[in-house]
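In what follows, every chain begins at residue 1, and chains take the letters A, B, ... in the order their sequences are listed.
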Protein chains: 2
Amino acid sequence: MKIAELEQRLREQGLKLTRPRQAVLEVLSRSGSRLSPAEIHRQGRRSYRRLGLVTVYRTLALLEEMGLVQRVHTETGCHSFAGVRSPEGHHHQLICKDCGRVEEFSDCASEQLLAKLQKETGFAVEDHRLEVIGCCPKCQ
Amino acid sequence: MKIAELEQRLREQGLKLTRPRQAVLEVLSRSGSRLSPAEIHRQGRRSYRRLGLVTVYRTLALLEEMGLVQRVHTETGCHSFAGVRSPEGHHHQLICKDCGRVEEFSDCASEQLLAKLQKETGFAVEDHRLEVIGCCPKCQ
DNA sequence: TCGTTATTGAAAACGATTTTCAGTTAATTA
DNA sequence: TAATTAACTGAAAATCGTTTTCAATAACGA
């Protein structure tokens, strides 16, 4: 997902495109891995030295709400984020347990499963999240 | 999963069956919902008034390691736990977004998907987590 | 019952996240 | 371009959940 496109989306919401936000967007769009807020802060300060950690948190919350960033849930917690590649539609994550690299995929072939679950349990199924954990080619 | 069975498992590990642990186990085995540590503490104090929050954390960590309790990852965070019904083998969760009720299911029909992902991305797939969010019959 | 050892709870420490607030900046208007 | 204004920002403080420390306690075997 390109910076220009992200900027466009901010404007559509009537939000300002500030230097701190650009810095966060840049880190997220450049990195293909999950990053903690602290790590995003550290990297973001390379392009905008005055960037505050507070603003990183605020920007992440904003981007998450806009669907441009996704939380990554690992065994130890869910305190990392990854930039979304294709903001439209349904997708899931394939995460490298060593380097944190995140790949997206959309075909989760779960239609049948969800229909079956719905039928058997009486739940009205609304959403689902699938995370696959593995080791990426470079880390193997 | 019954209290008696949980107690049995503790003994097998050479662990003591203390009143605080009994209280936590009781809460978890009685409730079919995801509960935060604070909520487990509150409920646990009904059967053992002196139960400390610290012990709840410690017991949860212990039970999680033993595979008797599972973390539930929600959009807002991953700070809730649910007792596991069938401790052996692979299973996933169906969670009610309103009351937090948790159902387990094991047939996630993902073999083909994982094989395909592995082939396409070169990742060595090791694990996966599937959470389905919906609305349970009572809450509908 | 006694002794050993794991376990406990309270308080303090800790780390991550959020709030507050006065100052700054991006976007708009003239 | 300069003035205006509301959104945005960073630093400090507050807050919240979780972990550590440590002296006291309780479970279990002898």
Set out, line by line, the N/O atom pairs under 3.5 Å between protein and nucleotides 1-6 of chain D.
| residue | atom | partner | partner atom | Å |
| --- | --- | --- | --- | --- |
| dA6(D) | N3 | Lys16(A) | NZ | 3.3 |

In whole angstrom, give the distance that lies between atom [atom1] of [X] and atom [atom2] of [N].
X: Gln22(A); N: dT9(D); atom1: CD; atom2: P; result: 11 Å
X: Arg42(B); N: dG17(D); atom1: CZ; atom2: P; result: 11 Å
X: Leu15(B); N: dG29(D); atom1: CG; atom2: P; result: 13 Å

Does [N] have its OP1 or OP2 closer than 4.0 Å to a side-chain nitrogen or oxygen of [X]?
X: Arg58(A); N: dT19(C); answer: no
X: Arg19(A); N: dA26(C); answer: no
X: Arg50(A); N: dT25(C); answer: yes
X: His79(A); N: dA16(C); answer: no

For this session: Report the residue (Leu53(A) or Leu51(B)) whose heavy-atom-nearest nucleotide on DNA chain C is the more 5′ of the two.
Result: Leu51(B)
Exercise. Between dC8(D), dT19(D), dA11(D), which nucleotide gets closest to the side-chain atoms of Val54(A)?
Worked result: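 Within the option list, the nearest is dA11(D).
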For this session: Return the nearest nucleotide to the side chain of Thr18(B); candidates are dT8(C), dA12(D), dT9(D).
Result: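 It is dT8(C).
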For this session: If the plane angle is over 60° it's perpendicular, under 30° parallel, otherwise tilted; pick one for His73(A) and His73(B).
Result: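 Taking His73(B) first and then His73(A), their aromatic rings stand perpendicular (interplane angle over 60°).
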Exercise. Is a salt bridge present between Glu88(A) and Arg9(A), judged by a nitrogen-to-oxygen distance below 4.0 Å?
Worked result: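 The answer is yes: the pair qualifies as a salt bridge.
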Exercise. Are side-chain heavy atoms of Arg71(B) and Glu64(B) found at a separation under 4.5 Å?
Worked result: yes
Exercise. Is it true that the side chains of Gln93(A) and Gln70(A) contain a donor and an acceptor less than 3.5 Å apart?
Worked result: yes
Problem set entry | Short side-chain donor-acceptor distance under 3.5 Å, Glu26(A) and Gln22(A) | no
For this session: Nearest-nucleotide wise, let me know which of Gly52(A) and Tyr48(B) is further upstream toward the 5' end of DNA chain D.
Result: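 Closer to the 5' end of DNA chain D: Gly52(A).
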